[in-house]
Amino acid sequence: MDIEILPLAEKKSRIENESELVFGKQFTDRMFVMEYDAGRGWHSARIQPYAPFSLDPAALVLHYAQEIFEGLKAFRRRDESIALFRPEENIKRFNRSARRMCMPEVDEAFFLRALKELIRLEADWVPRSEGTSLYIRPTMIATEPVLGVKPSSRYLCYIILSPVGAYYKGGLSPVKIWVSDEYVRVSPGGTGEAKTGGNYAASLYASTVASRHGCDQVLWLDAVHRRYVEEVGSMNICFVLDGKIITSPLKGTILDGITRRSILALAGEMGYEIEERALAIDEIFEGAESGRLEEAFGTGTAVVVSPVGQFTYRDRTVSLGDGRPGPLTLRLYETLTGIQYGRIPDPHGWVEPI
Ligand code: COI
């Protein structure tokens with residue numbers, strides 16, 4: 001399929017001060033769009049000026065949340081080139097989410113070409129300052145106007161771009177986590193592994209409770225026992241316990257994070273033993289109190305690697321570290337971002353030049 005490039009009449013004003021970039025509030029001049037109709041497949045692929053869509057109020061996405069999305073980043077490297085990080089993995093996950101949500105898949109090679117073409121046109125928007133990048137948000141929504149609960153026969157797929165700084169205001173400052181045992185994110189057999197908006201909408205109420213407790217994020221426990229760690233609001237989570245890295249296994253209820261996988265690979269190469277196993281919340285509290293729990297950190301495209309400084313569970317709070325990121329958290333952050341920004345070699349071939 002060809003991609004039509006539509007003219008851009010007017011450019012937006014640029015980022016004035018990159019050090020003030022926040023997460024996801026500013027968008028570039030153009031976006032990629034394509035449409036799907038049952039019986040015709042994907043069509044009308046184009047790169048057009050960034051603009052609001054006109055959507056029928058009965059569109060299925062607005063009623064039953066048939067929607068998926070992805071998040072990946074483009075990095076400005078030292079030599080001014082631009083690189084993506086493992087984009088094929090995001091596109092594969094987009095298609096896995098599509099299958100789970102009864103939505104049409106995209107052609108992986110075509111989608112990567114579209115994404116690269118869009119970034120080439122928007123290259124000026126890829127920021128240069130430390131810790132900044134261009135966040136890429138592929139999205140698919142169900143657009144058929146009908147109130148019956150069924151998979152849509154029409155879809156819109158688009159990619160928007162946002163120059164971003166750190167996800168959390170404090171950058172690499174350790175975050176405070178509130179452990180939820182009253183509310184759950186998903187149940188086994190649910191949509192936990194799909195990157196679909198409904199999972200995030202369902203998390204909002206618990207997030208407001210977390211912030212009432214002075215915390216930044218929610219740590220979800222499993223829905224069956226309300227005991228085993230699953231993931232945090234916008235990231236997977238790893239624990240450094242007894243010198244090993246422990247994280248929840250991929251069993252359908254947590255997101256198969258690409259940053260998670262990359263960090264586990266890097267930590268393994270650094271000589272750490274990795275255990276993907278059920279980890280009970282009591283084990284975390286005992287570990288923190290006895291000093292066996294050395295560090296905890298979240299991983300995700302948006303957050304990269306985010307140190308955790310405190311957990312609150314029921315009426316107990318435990319702190320980790322001295323208010324600064326732990327040494328392994330920092331080392332993993334430096335190694336991953338070093339590969340992404342081209343400061344260190346990329347032996348895995350994770351970086352894809354544009
Ligand atoms: C990402 O890390 O890219 C995500 O999609 C998390 C998001 C909800 C900010």
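Please read these numbers as outputs of a predicted model, since none were measured by experiment. Ligands are counted one by one from 1 in listed order, and the atoms in each one are counted from 1 as well.
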Taking only non-hydrogen atoms of Phe69 and a 4.0 Å limit, the atoms of ligand 1 in range are 5 (O)
Mark up the atoms of ligand 1 that fall under 4.0 Å of a heavy atom belonging to Tyr200, in ascending order.
8 (C)
Which one of Glu4, Glu117, Glu35 satisfies the salt bridge (Lys or Arg N to Asp or Glu O under 4.0 Å) criterion with Arg46?
Glu35
Ala302: numbered ligand 1 atoms lying under 4.0 Å from its heavy atoms:
1 (C), 2 (O), 3 (O), 9 (C)
I need the atoms of ligand 1 closer than 4.0 Å to a non-hydrogen atom of Arg137, numbered in the order shown.
5 (O), 7 (C)
Taking distance alone, with no angle check, do Tyr135 and ligand 1 share an N/O pair under 3.5 Å?
yes
Identify which one of Arg226, Arg314, Arg316 satisfies the salt bridge (Lys or Arg N to Asp or Glu O under 4.0 Å) criterion when paired with Asp181.
Arg314
Closest non-hydrogen protein atom to atom 9 (C) of ligand 1, residue and atom name please, with distance?
Tyr167 CE1, 3.6 Å
Start with the C-alpha distance between Thr191 and Asn199, add both sets of side-chain angles, then the distance that settles side chain to side chain donor-acceptor pair (under 3.5 Å), and finish with yes or no.
CA-CA 7 Å; Thr191 55; Asn199 289 343; 2.8 Å; yes
Knowing that exactly one of Tyr135, Phe94, Tyr200 qualifies, which makes a ring pair (Phe, Tyr, Trp, His ring centres under 6.0 Å) with Phe69?
Tyr200
Can you report which non-hydrogen protein atom sits closest to atom 4 (C) of ligand 1, along with the distance?
Lys195 NZ, 3.3 Å
Heavy-atom side-chain proximity of Pro127 to Pro163 below 4.5 angstrom:
yes
Enumerate the atoms of ligand 1 whose separation from the nearest heavy atom of Gly71 is less than 4.0 angstrom.
3 (O)
Looking at Tyr50, does the NZ or CZ of Lys12 lie under 6.0 angstrom from its six-membered ring centre and within 45 degrees of the ring axis?
yes
